[in-house]
Amino acid sequence: MTQTSLFAARAAELRALLFQYGREYYVLDAPSVPDAEYDRLFRELQALEAAHPELRSDDSPTQRVGGEALAEFAPVVHAVPMLSIRTETDVTAAGAEAFDASVRRELDLLPLDAPIDYAVELKFDGLAISLRYQDGVLTQAATRGDGATGEDVTQNIRTIGQIPLRLNGAAPALLEVRGEVYMRRDHFEALNAGLLARGEKPFVNPRNTAAGAVRQLDPKITAQRPLSFFAYGLGQVTGWDAMPDTHAGVLDALAAFGLPVCEVREVVAGAAGLAAFHQRVAELRDSLPFDIDGVVYKVNSLAVQRQLGFRTREPRWAVAHKYPAQEALTVVEAIDVQVGRTGALTPVARLRPVFVGGVTVTNATLHNEDEVQRKDVRVGDTVVVRRAGDVIPEVVSVVLAQRPMQVLPGADLFSEGDSAPLHPPYHLPSHCPVCGSHTVREPGEAITRCAGGLSCRAQRSQAIQHFAGRRMMDIDGLGERYIDSLVEFELVRGVAGLYALDLDKLLDMKRRADERDNCVPDTVKAGKVATKWADNLLQAIAASKTPPLARLLFALGIRHVGESTAKTLADCLGQLDWVRRAPAAALAALPDIGAVVADSIAGFFAEPGNQAEVDALLAAGVAPQQAAHPSTKLHGLFEPVTLLVKLAIPRLTELRAGQLLAQVADLYALAALNRAQVIALDLPAEAANALADWLDKPTQRAALAQLADYRRDILAAIPAEAEQAAAPQPLAGKTVVLTGTLPTLSRDEAKVRVEAAGGKVSGSVSKKTDFVVAGEAAGSKLDKAQALGVPVLDEAALLALLAAPDSSD
DNA sequence: TCACCTCGAGATCT
DNA sequence: CTCGAGGTGA
């Protein structure tokens with residue numbers, strides 16, 4: 001035997017030993033050798049590998065902390081999405097019954113059918129991770145991210161001793177293991193004790209500490225955090241011959257591979273079994289060495305799981321059943337009022353700091369006036385606070401017995417009952433706390449608003465904050481504090497003002513802000529830091545000048561226009577100009593835009609100040625990325641009948657609008673009719689009268705003419721060849737019915753796309769229906785299609801059809 | 001007209 | 001995350 005192969009053999013032997021001891025220590029919690037012996041072998045292997053780098057291998061225990069700190073995490077696309085799991089809203093035992101009932105309903109089981117077997121386990125309070133084992137070797141670890149794409153945290157995950165770098169036994173060719181990285185409570189406390197001893201700041205709770213550690217760019221830091229792991233499921237799997245057919249069997253198999261699997265797990269029968277487990281874990285909860293936020297119920301049989309399938313985002317065969325949120329008592333020290341971007345006044349309870357559900361809570365929103373009064377929260381009250389959904393602090397109720405009281409004047413000091421609450425019931429102020437404008441609450445609305453509009457500093461400030469936000473213009477480094485100062489010192493009036501900022505203005509602002517805050521670090525270094533900050537900010541502002549049109553529209557902060565409506569506007573109208581000019585009736589013809597939203601948009605651009613602001617943005621060099629021309633969809637969306645209906649002329653139904661347009665040449669001709677001509681039309685008398693009355697109002701007649709102009713102009717702006725090129729008509733003349741929830745397309749998108757392809761979307765299935773596209777939760781339409789023998793497609797098949805060159809294939 | 005669903009808007013804390 | 005409100009299909 002050569003010397004090299006001798007070393008290789010020894011290295012393999014050491015690795016095997018360390019692997020076994022490591023597993024005993026980390027996973028089984030039952031070491032068979034003292035720590036010192038493990039360390040000795042570990043160092044020997046390290047030395048051997050250092051001397052002979054060719055002997056190194058990725059699954060060596062010495063390679064847990066390797067590699068350099070990263071600049072950022074690489075994105076990882078999950079082959080099988082990491083779905084979230086539905087949370088049962090009912091936290092009482094009845095929640096277990098509700099889940100069992102929904103599963104049985106979905107499976108069409110009768111009350112007397114045998115109970116369903118469920119695999120039940122704990123819901124760990126940590127960070128979900130997907131581990132990828134190829135031929136038994138850990139090759140990649142990724143966070144959940146948005147479920148479809150996560151971050152590559154392999155380096156960090158490798159530092160977790162409990163996670164095997166290599167699986168025991170005959171591993172599948174590919175095994176993706178899903179599980180939770182968490183931190184034990186005792187480890188968390190020891191970590192904090194160490195930090196405190198060194199005078200450092202302790203962590204707040206185990207969950208955040210674990211999540212933070214996994215997302216450390218430098219694995220050496222992660223390695224110093226005592227993390228643990230539990231496996232609870234699978235992602236992509238190939239080449240697993242002996243794959244079990246139950247969830248419980250899978251977990252047992254994962255444990256046999258050497259992965260840590262929590263032992264608090266069972267297979268139970270029916271709702272009663274679920275409820276009993278829920279109850280048992282409730283009692284066990286405090287004695288567990290780690291935090292959980294509930295239990296998880298999963299249908300045990302993998303075949304039945306497949307049968308149940310998925311809703312849009314979550315499996316139908318699993319549910320998380322949480323425990324009632326932790327509550328705590330504290331005192332309302334004040335009720336402040338915040339003014340939002342739209343002028344909404346929101347009462348916020350300032351609380352005496354209280355530790356609840358893992359964090360210290362000092363504020364809690366009280367939503368609106370009704371909410372405060374319903375709970376009757378007053379200053380000085382002792383209140384029950386919890387974190388709703390374990391996140392947002394919420395005032396649950398007031399402890400009336402502890403309300404501060406005053407003895408009424410003239411009452412006998414020693415008699416009872418002659419006292420009154422110290423503070424009156426809460427009311428929102430009649431004037432804006434920021435600008436002093438009066439406040440209004442529209443009848444039927446829950447929200448009270450400041451009437452000051454953009455003259456209110458709070459609203460201006462928030463409008464700019466919104467504009468600069470990440471999902472809007474994405475101006476980095478422009479935080480709340482700076483915006484407030486910019487607005488306060490009037491360096492910026494509207495959003496366009498941001499583009500007129502220069503170095504001097506920014507430095508001036510910073511100096512004045514610092515002066516006001518009484519911290520004047522007037523050193524050369526501070527000056528340099530400030531200049532650097534201003535430079536970066538100016539660069540970020542300059543970099544924001546070419547957003548996609550949808551983002552710019554969203555950034556403008558038009559009421560009722562969020563991310564999705566902005567996208568609809570951009571997709572359909574293509575260019576900013578068409579949006580600015582659009583009459584309300586045209587907007588209301590776009591998908592998911594109704595009268596209220598359309599009026600809000602048209603109203604925004606009808607305001608000269610807003611038009612000026614948009615012009616100023618354009619003049620400052622903001623140039624949104626926009627389409628070459630409006631969408632070809634408009635041909636379908638802007639049918640004269642549709643637009644006419646959207647004008648909301650009294651008594652004019654879609655049917656009558658159709659009759660009407662069959663008699664007049666076009667919208668222009670309609671706008672030119674006099675009263676006698678309208679009455680002479682072949683329409684029900686009441687409709688004709690209403691239409692004549694409507695046309696008598698000059699503004700409405702003008703609106704109709706404007707709408708006709710807009711339609712003519714925008715359709716003319718769509719090049720004919722674009723229509724040909726962009727919209728082949730694979731579905732020409734076909735009638736399609738959509739049912740259920742499609743996996744990626746919304747109903748509207750699907751409809752628009754079918755129509756763009758020349759098809760007609762109908763609401764109900766008949767013999768004339770060419771095919772039905774069925775998604776999740778398809779209902780009676782699917783049944784009817786099957787009864788009539790109408791072909792049923794899924795979304796993928798529809799997309800394939802849409803992508804086909806034409807209908808003659 | 002109603003029930004359902006999606007979107008917008010607001011707030012919290014790390 | 002939650003609530004309210006707007007849009008749409010039944």
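Letters A, B, ... mirror the listed sequences (proteins, then strands); counts begin at 1. Side chains are part of it too, since the values below use all heavy atoms of this structure and drop only hydrogens, waters and symmetry mates.
When the shell of 6.0 Å around CZ of R185(A) is examined, it contains more than 12 heavy atoms from other residues, nucleotides or ligands.
Partners of A595(A) by side-chain contact (heavy atoms from CB on, under 4.5 Å), not counting sequence neighbours: none found.
Heavy-atom distances under 4.0 Å link DNA chain B to R559(A), H560(A), V561(A), G562(A), E563(A), S564(A), T565(A) of residues 555-566 of chain A, given in residue order.
Comparing dA5(C), dG10(B), dG6(C) by their nearest atom to the side chain of R341(A) picks out dG10(B). In the set dT12(B), dA5(C), dG7(C), the nucleotide with an atom closest to the side chain of V597(A) is dG7(C).
Contact between the side-chain N/O atoms of Q338(A) and the OP1/OP2 oxygens of dA11(B) is found at a separation under 4.0 Å. T360(A) has no side-chain polar atom (N or O) that falls below the 4.0 Å cut-off from OP1 or OP2 of dC13(B). Of the side-chain N and O atoms in N363(A), one or more sit less than 4.0 angstrom from OP1 or OP2 of dC13(B).
Applying the side-chain hydrogen bond (donor to acceptor under 3.5 Å, both in side chains) rule to pairs touching residues 353-363 of chain A yields R350(A)-N363(A), sequence neighbours excluded.
At a threshold of 4.0 angstrom between heavy atoms, the contacts of A211(A) with the nucleic acid are absent.
Atom CG in L351(A) sits about 13 Å away from atom C1' in dA11(B), given to the nearest Å.
Checked for salt-bridge contact, D381(A) and K375(A) miss the test: no charged N lies under 4.0 Å from a carboxylate O.
No donor-acceptor contact under 3.5 angstrom links the side chains of T342(A) and R559(A), judged on distance only.
The residue among T362(A) and G340(A) whose nearest nucleotide of DNA chain B is located toward the 5' end is G340(A).
Ring pair F290(A)/H187(A): centre-to-centre distance not below 6.0 Å.
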